[in-house]
J.: 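Here it is, the structure, as structure tokens.
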Amino acid sequence: MIPILLLALLGQAVAPRQPAATIVAEPAALFIAACDANGDGRTTRAELTACVARTFADADPGHAGSIGYIGYSDWALKWLGDRNALPSPYGVDSDNDNRITLSELQAQFATLFDRFDLDKDGATTRAELITIRSAAVPQAGDGGKRRGRR
């Protein structure tokens, strides 16, 4: 009985873990990359503006000119991958009227575009849209502690 328990515990202790990500992309960066309309690997400001307008129209089927926070949450789920992905509706809603207009969403993505366009050439590349982490990322369940060294 004890050997079986010991084998089970050893099996858990040596189970391989997925390595920590060293390259990540923010949901907004993935959206900007997806707005590359001509497939040249670069997203221009004009491509982004048109893409935001197209996706906003999808979220505003009644053409009311604005969407509420729930509508924005639906938009974020579809286009950013999660209802809680950044930018949050509170950051986008610049006039705090609990409604998000196309111009507010485009202004938010223009700000993000400026941040990602590292060489300021008016287009973002995949290399500009990713973040490379240089430090090890704690693995789930290890409390941030490295194993094997004491």
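Every heavy atom of this structure was used, including side-chain atoms; hydrogens, water molecules and symmetry mates were not.
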J.: Measure centre to centre between the rings of W75 and Y69, then say whether the value is under 6.0 Å.
T.: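 No, the ring centres sit 6.0 Å or more apart.
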J.: Between the main-chain N or O of G122 and the side-chain N or O of D117, is there a donor-acceptor pair closer than 3.5 Å?
T.: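 Checking the backbone N and O of G122 against the side chain of D117, a donor-acceptor pair under 3.5 Å is found.
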J.: Verify, without hydrogens or angle tests, whether R45 (side chain) and F113 (backbone) share a donor-acceptor contact under 3.5 angstrom.
T.: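 Absent.
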J.: Donor-acceptor pair, E128 side chain versus L118 backbone, under 3.5 Å?
T.: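 Yes, E128 side chain to L118 backbone: donor-acceptor pair under 3.5 Å.
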J.: Do the non-hydrogen side-chain atoms of L129 and T125 ever get within less than 4.5 Å of each other?
T.: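 A side-chain contact is absent here, since even the closest heavy-atom pair is not under 4.5 Å.
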J.: Can you measure from CD1 (I70) to CG (D74) and round to the nearest 0.5 angstrom?
T.: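 I70 CD1 to D74 CG: 8.0 Å, rounded to 0.5 Å.
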J.: If you define the side chain from C-beta out and look only at heavy atoms, does anything of I100 sit under 4.5 Å from Q108?
T.: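 No, too far: nothing below the 4.5 Å cut-off.
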J.: Enumerate the disulfide (SG to SG under 2.5 Å) contacts for residues 42-130, please, sequence neighbours excluded, ordered by first and then second residue.
T.: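 Non-adjacent pairs meeting disulfide (SG to SG under 2.5 Å): C35-C51.
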J.: Of all heavy-atom pairs between Q106 and T49, which one has the smallest distance, and what is that distance?
T.: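 Q106 and T49 have their closest heavy atoms at NE2-O, 3.0 Å.
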J.: To the nearest 0.5 Å, what is the distance between CH2 on W79 and CG on L105?
T.: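 Going from CH2 on W79 over to CG on L105, the span is 12.0 Å.
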J.: With a 4.0 Å cut-off, would you call D60 and R99 a salt bridge?
T.: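 No, D60 and R99 are not salt-bridged.
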J.: Are F31 and L112 packed together at the side-chain level, in the sense that at least one heavy-atom pair is separated by less than 4.5 angstrom?
T.: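 No, their side chains stay 4.5 Å or more apart.
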J.: Under 4.5 Å between any side-chain heavy atoms of F109 and P87, yes or no?
T.: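 With C-beta onward as the side chain, the pair touches.
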J.: Taking E47 for its side chain and A34 for its backbone only, find out whether a donor-acceptor pair lies under 3.5 Å.
T.: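 Pair absent, no side-chain N/O of E47 close to backbone of A34.
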J.: Is there a side-chain contact between L48 and I32 in this structure, where contact means two heavy atoms from C-beta onward sitting under 4.5 Å apart?
T.: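 Side chain of L48 against side chain of I32, heavy atoms only: contact under 4.5 Å found.
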J.: Find out if a path of hydrophobic residues (ILVMFWY) with successive side-chain heavy-atom gaps under 4.5 Å connects Y72 to L77.
T.: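 No, Y72 does not connect to L77 through the hydrophobic network.
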J.: Do L102 and V52 have side chains that get closer than 4.5 Å, going by heavy atoms?
T.: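 The answer is yes; the side chains approach within 4.5 Å.
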J.: Report yes if the side chains of I67 and F56 come closer than 4.5 Å at any heavy-atom pair, otherwise no.
T.: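 Yes, close enough: below the 4.5 Å cut-off.
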J.: Side chains of E104 and S94: donor-acceptor distance under 3.5 Å anywhere?
T.: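 A pair is found: one side chain offers a donor N or O, the other an acceptor, under 3.5 Å apart.
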J.: Shortest non-hydrogen contact from L80 to A85?
T.: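 Closest pair (atom of L80, atom of A85, distance): CB-CB, 3.8 Å.
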J.: So, for R115 and E26, which heavy atoms are closest and what is the spacing to 0.1 Å?
T.: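 Nearest pair, atom of R115 first, then E26: NH2-OE1, 2.9 Å.
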J.: Enter the distance from D95:CG to S66:OG here, rounded to the nearest 0.5 Å.
T.: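 So the CG of D95 and the OG of S66 are separated by 9.5 Å.
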J.: Short question: side chain of K120, backbone of D114 - any donor-acceptor pair under 3.5 Å?
T.: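 Confirmed, K120 side chain pairs with D114 backbone.
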J.: Has the side chain of T111 got a donor or acceptor atom that lies under 3.5 Å from a matching backbone atom of A107?
T.: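 Yes, the answer is positive, given that a donor and an acceptor are paired below the 3.5 Å cut-off.
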J.: Strictly distance-based, threshold 3.5 Å: is any side-chain N or O of D93 a donor or acceptor partner for the main-chain N or O of D97?
T.: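 At least one qualifying donor-acceptor pair exists.
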J.: Applying side chain to side chain contact (heavy atoms under 4.5 Å, CB included) to I130 and V24, what does each step give before you reach the verdict?
T.: CA-CA 6 Å; I130 61 171; V24 295; over 6 Å; no
J.: Thinking salt bridges, do R42 and D121 make one under a 4.0 Å N-O criterion?
T.: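 Looking at R42 and D121, the cut-off is met.
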